[in-house]
Amino acid sequence: MALPDFLVIGAPKTGTTALHAALRRHPDLYLSPVKEPKHFLTDGPPPTLGGPGDAATYREHVWRRPDYEALFAAAPPGTLSGEATPFYLYDLDAQRRIRAAIPHARLIAILRDPVERAHSNWAHLWSAGLEPHDDVVRACAEEDRRIAAGWAHFWHYVRLGRYGEQLAHLFTLFPREQVLTFRYRDLVDHPAETLDRICAFLGVRRGLIAEVPRENVTAHPEASQRHSMLSAFRRRLPAALAKRIETLLQRDGLARRPLTWKQRRELIEYFAADILLLQEVTGEDFSDWLGPKLRSGGQVGPRPPGQRQARNGRPG
């Protein structure tokens with residue numbers, strides 16, 4: 001039976017794609033050739049309907065057990081195998097499935113300022129022509145309605161960032177020594193030290209990887225009549241044709257712009273209570289997430305030449 005030894009479990013838009021790429025370079029680790037197989041998100045076939053673009057995402061799930069095990073069959077002897085599906089932290093049923101299947105697994109969770117995470121999540125879908133609202137605050141206000149309508153996890157801008165609830169549940173299933181949490185900002189600002197910390201947690205050699213590549217950097221197209229028209233057209237197209245429209249939408253996209261303090265203040269209200277819970281659960285101070293930011297979190301600079309928005313999971 002080939003199941004992973006470790007999982008990068010969350011959260012979306014916290015650098016999991018870049019971390020997956022960095023860890024693949026370590027000779028003692030074997031990362032799934034499919035980043036984000038999403039295996040533990042369902043007990044069987046994934047849904048077929050949801051919000052804009054969700055049908056294509058559901059087709060990416062590696063939900064059959066033999067197919068999932070095959071992802072790790074090529075791991076060289078003596079290496080540790082792993083995968084990165086950033087929705088596992090959020091999905092409490094996925095946490096329970098992981099506990100049942102691989103109770104020994106080591107789990108890695110990256111915690112990003114939840115307001116910045118929600119903004120990056122929104123910008124990802126806006127730049128792809130899937131998010132109809134050009135304002136992240138308005139889009140977050142739609143979350144309850146969207147969830148009731150069955151929209152997939154990636155649309156849950158607010159709930160994905162409530163790490164206190166998620167970790168409190170996770171620690172009822174796994175001992176804390178099997179879980180590594182760290183801030184996304186550490187991965188961006190101190191990649192070598194953070195990668196060494198991860199390697200120490202996994203029990204593999206340190207000092208062999210020191211860089212995190214710039215992966216999955218979001219472009220930010222301007223709100224315009226052209227964007228509205230192309231986006232509306234893109235949401236009606238099948239996935240294969242929609243990719244061409246997505247390329248047009250992002251071709252002249254600017255670097256993602258920081259939130260205003262007014263926007264940030266409105267969004268903090270969604271997370272304030274959970275940030276206090278997170279501090280209780282972890283014993284760490286996250287009070288800086290409750291105030292204004294001197295700089296926007298994440299890779300807000302221009303997208304590297306030739307890079308497109310990452311499409312994770314197996315080809316649909």
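In the hydrophobic clustering of ILVMFWY residues, with side-chain heavy atoms under 4.5 Å counting as a link, Leu277 and Phe171 come out together. A chain of hydrophobic side-chain contacts below 4.5 Å, direct or via other Ile, Leu, Val, Met, Phe, Trp or Tyr residues, connects Leu290 to Tyr163. A continuous path of ILVMFWY side-chain contacts below 4.5 Å connects Ile268 to Tyr270, so both sit in one hydrophobic cluster. Both Leu19 and Leu202 are part of a single hydrophobic cluster, where members link through side-chain heavy atoms under 4.5 Å apart. Leu111 and Leu276 fall into different hydrophobic clusters, where Ile, Leu, Val, Met, Phe, Trp and Tyr are joined by side-chain heavy atoms under 4.5 Å apart, directly or via other members.
No donor-acceptor pair under 3.5 Å is formed between the side chain of Gln178 and the backbone N or O of Pro175. The main-chain N or O of Glu116 is never found under 3.5 Å from a side-chain atom of Ser120 such that the two would form a donor-acceptor pair. Checked by atom type and distance alone, the side chain of Thr42 pairs as donor or acceptor with a backbone atom of Gly44 at under 3.5 Å. The closest donor-acceptor contact from the side chain of Trp122 to the backbone of His133 lies under 3.5 Å. Arg106 places a side-chain N or O within 3.5 Å of a backbone atom of Glu177 that can act as its donor or acceptor partner.
Proximity of Ile275 to Pro114: side-chain heavy atoms (C-beta onward) are separated by under 4.5 Å at one or more points. The side-chain heavy atoms of His39 and Leu3, taken from C-beta on, include no pair separated by under 4.5 Å. Put simply, the side chain of Leu180 does not reach to within 4.5 Å of the side chain of Phe6, judged on heavy atoms. Annotation: side chain of Pro4 is not in contact with side chain of Tyr30 (no heavy-atom distance under 4.5 Å). Using a 4.5 Å heavy-atom cutoff, the side chains of Val212 and Thr194 are not in contact. Residues Arg176 and Val281 form a side-chain contact, since some pair of their non-hydrogen atoms from C-beta on lies under 4.5 Å apart. Two residues are said to be in side-chain contact when any heavy atoms from C-beta on lie closer than 4.5 Å; Asp135 and Gln263 meet this criterion. Contact of the Lys293 side chain with the Pro258 side chain is not registered, since no non-hydrogen atoms from C-beta on lie closer than 4.5 Å.
Residues satisfying the side-chain hydrogen bond (donor to acceptor under 3.5 Å, both in side chains) test with His169, not counting sequence neighbours, are Gln95, Arg96. Under the rule for a ring pair (Phe, Tyr, Trp, His ring centres under 6.0 Å), the partners of Phe154 that lie at least two apart in sequence or sit in another chain are His124. Partners of Asp144 by salt bridge (charged side-chain N to carboxylate O under 4.0 Å, His left out), not counting sequence neighbours, listed by chain and number: Arg159. Every ring pair (Phe, Tyr, Trp, His ring centres under 6.0 Å) that His156 has, sequence neighbours left out, goes to Tyr90, His153. Residues meeting the side-chain hydrogen bond (donor to acceptor under 3.5 Å, both in side chains) test with Thr48, sequence neighbours left out: none. Partners of Asn121 under the side-chain hydrogen bond (donor to acceptor under 3.5 Å, both in side chains) rule, at least two apart in sequence or in another chain, are Arg117. Taking the ring pair (Phe, Tyr, Trp, His ring centres under 6.0 Å) definition, one finds that Tyr58 meets it with His61, sequence neighbours left out. For Arg183, the salt bridge (charged side-chain N to carboxylate O under 4.0 Å, His left out) criterion is met by Asp288, not counting sequence neighbours. Scanning for side-chain hydrogen bond (donor to acceptor under 3.5 Å, both in side chains) contacts around Tyr68 gives Glu83, with sequence neighbours left out.
Annotation for Pro12 and Phe87: closest pair CG-CE2, 3.5 Å, computed over non-hydrogen atoms. Here the closest non-hydrogen pair linking Gly15 and Tyr184 is N-CE1, 3.6 Å. Between Ala118 and Phe271, the closest heavy-atom pair is CB-CZ, 4.5 Å. Pro76 approaches Thr79 most closely through the heavy-atom pair O-OG1, 2.6 Å.
Screening residues 194-211 for salt bridge (charged side-chain N to carboxylate O under 4.0 Å, His left out), with sequence neighbours left out, gives Asp28-Arg205. For residues 148-158, no residue pair satisfies the salt bridge (charged side-chain N to carboxylate O under 4.0 Å, His left out) rule, not counting sequence neighbours. Listed by first and then second residue, the salt bridge (charged side-chain N to carboxylate O under 4.0 Å, His left out) pairs that reach into residues 266-279 are Lys262-Glu266, sequence neighbours excluded.
Using a 30° and 60° split on the angle between ring planes, Tyr157 and Trp155 fall in the tilted class, from 30° to 60°.
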Checking side-chain contact (heavy atoms from CB on, under 4.5 Å) for the pair His104/Asp5: CA distance, chi angles, key distance, verdict?
CA-CA 7 Å; His104 64 278; Asp5 301 293; 4.3 Å; yes
Tyr88 and Leu41: CA distance, side-chain angles, deciding distance, side-chain contact (heavy atoms from CB on, under 4.5 Å) verdict:
CA-CA 7 Å; Tyr88 291 161; Leu41 295 182; 3.8 Å; yes
Thr181 and Glu284: CA distance, side-chain angles, deciding distance, side-chain contact (heavy atoms from CB on, under 4.5 Å) verdict:
CA-CA 11 Å; Thr181 64; Glu284 298 180 29; 4.3 Å; yes
Glu142 vs Arg138, test: salt bridge (Lys or Arg N to Asp or Glu O under 4.0 Å). Steps then yes/no.
CA-CA 7 Å; Glu142 291 287 308; Arg138 185 180 175 192; 5.6 Å; no
Would you check, one step at a time, whether the test side-chain contact (heavy atoms from CB on, under 4.5 Å) holds for Thr85 with Phe40?
CA-CA 9 Å; Thr85 296; Phe40 293 105; over 6 Å; no
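Atom CG of Leu71 sits about 10.0 Å away from atom OG of Ser81, to the nearest 0.5 Å. Summarising the geometry, atom CZ belonging to Phe72 is positioned 9.0 Å from atom CG belonging to Leu31; distances are rounded to the nearest 0.5 Å.
Note on Arg146 versus Asp54: no salt bridge recorded, every NZ/NE/NH1/NH2 to OD/OE distance being 4.0 Å or above.
The closest side-chain donor-acceptor pair between Thr16 and Lys35 falls under 3.5 angstrom.
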